[in-house]
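First the structure, in the form of structure tokens, and then the observations on it.
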Amino acid sequence: MLWVKAFHIVFIASWFAGLFYLPRIFVNLAMVPPESVAERERLLLMARKLMRFTHLLAVPALALGLWLWLGYGIGLGAGNGWMHAKLFVVLLILGYHHACTRLLRRFERNENRRGHVWYRWFNEAPVVMMVIAVLLVVIKPF
């Protein structure tokens, strides 16, 4: 079980690295002047590659988490309300990941309607979700 847990943590950390950095690319894309086509294309290429990498990291992170939860029974049974809360946070993270995918598609179609300040705030969401998930798992408040 410790091997599964260790790799789950590694893949979660790697997945979040992508979720932390991708919106930073969005900030830069939102600031690119219309005449800077080469800069825009370079940032879009970086964002596409990072999104692909982030998708690939999410799969084993989720699979290993399911293995720990269902295979080893972590969080099952009475008195494990923390796990329900954590699973809700995981759903929020998946929604955020999906939102990043949609935002990237909008940038690719040159349909972005948001400014760089909005993306700076958007970039804070995965930090908050990660902190909540870690606190739930470590402290198990309920």
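Since we're looking at a predicted model, the values are computed, not measured.
- In this structure, the side chains of Val89 and Ile93 come closer than 4.5 Å at one or more pairs of heavy atoms.
- Residue Leu66 is not grouped with residue Val10 when hydrophobic side chains (ILVMFWY) are merged at heavy-atom distances under 4.5 angstrom, including chains of intermediate members.
- By the criterion of side-chain heavy atoms lying less than 4.5 angstrom apart, applied directly or through intervening Ile, Leu, Val, Met, Phe, Trp or Tyr residues, Phe142 is grouped together with Ile132 in one hydrophobic cluster.
- The aromatic rings of Phe7 and Trp3 sit parallel to each other, their planes meeting at less than 30°, with 60° as the upper class boundary.
- No side-chain heavy atom of Leu64 sits under 4.5 Å from any side-chain heavy atom of Ile12.
- Put simply, Met1 and Val137 are part of the same group of oily side chains (I, L, V, M, F, W, Y) that touch within less than 4.5 Å, one to the next.
- Under the 4.5 Å side-chain heavy-atom criterion for Ile, Leu, Val, Met, Phe, Trp and Tyr, Val127 and Val90 are members of the same hydrophobic cluster.
- Using a 4.5 Å heavy-atom threshold, the side chains of Tyr119 and Pro23 count as separate.
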For residues 70-83, please give each side-chain donor-acceptor pair under 3.5 Å, one per line with the distance, not counting sequence neighbours.
from	atom 1	to	atom 2	distance (Å)
Asn80	OD1	Trp82	NE1	3.1
Asn80	ND2	Leu76	O	2.6
Asn80	ND2	Gly77	O	3.4

N/O donor-acceptor pairs under 3.5 Å from side chains in residues 46-60, not counting sequence neighbours:
from	atom 1	to	atom 2	distance (Å)
Arg48	NE	Glu108	OE2	2.7
Thr54	OG1	Leu50	O	2.7
His55	ND1	His97	NE2	2.7

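- Among all heavy-atom pairs drawn from Arg40 and Leu29, the shortest one is O-CD2, 3.7 Å.
- Annotation for Val117: hydrophobic cluster partners, listed by chain and number, are Trp121 (ILVMFWY side-chain heavy atoms under 4.5 Å, direct or chained).
- Note that the CG atom of Leu103 and the CG atom of Asn112 stand 7.5 Å from one another [nearest 0.5 Å].
- Applying the side-chain contact (heavy atoms from CB on, under 4.5 Å) criterion to Val134, with sequence neighbours excluded, gives Met130, Val138.
- Annotation: salt bridge (charged side-chain N to carboxylate O under 4.0 Å, His left out) contacts involving residues 112-141, sequence neighbours excluded, are absent.
- A heavy-atom distance below 4.5 Å is not found between the side chains of Leu43 and Phe26.
- Counting heavy atoms from C-beta on, the side chains of Ile25 and Phe107 never come closer than 4.5 Å.
- No more than 12 heavy atoms of other residues, nucleotides or ligands sit less than 6.0 Å from atom CZ of Arg102.
- Formation of a donor-acceptor pair under 3.5 Å by the Tyr96 side chain with backbone atoms of Phe122 is found in this model.
- Closest non-hydrogen pair, Phe16 versus Pro126, comes out as CE2-O, 3.4 Å.
- With hydrophobic clusters built from ILVMFWY side chains whose heavy atoms lie under 4.5 angstrom apart, Leu94 shares a cluster with Trp67.
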**Request:** For Leu44 and Glu41, run side chain to side chain contact (heavy atoms under 4.5 Å, CB included): C-alpha distance rounded to whole Å, both residues' side-chain angles, the deciding distance at 0.1 Å, then the answer.
**Result:** CA-CA 5 Å; Leu44 280 173; Glu41 289 305 314; 4.0 Å; yes
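- Residue pairs meeting the side-chain hydrogen bond (donor to acceptor under 3.5 Å, both in side chains) criterion with at least one member in residues 21-30, sequence neighbours excluded, do not occur.
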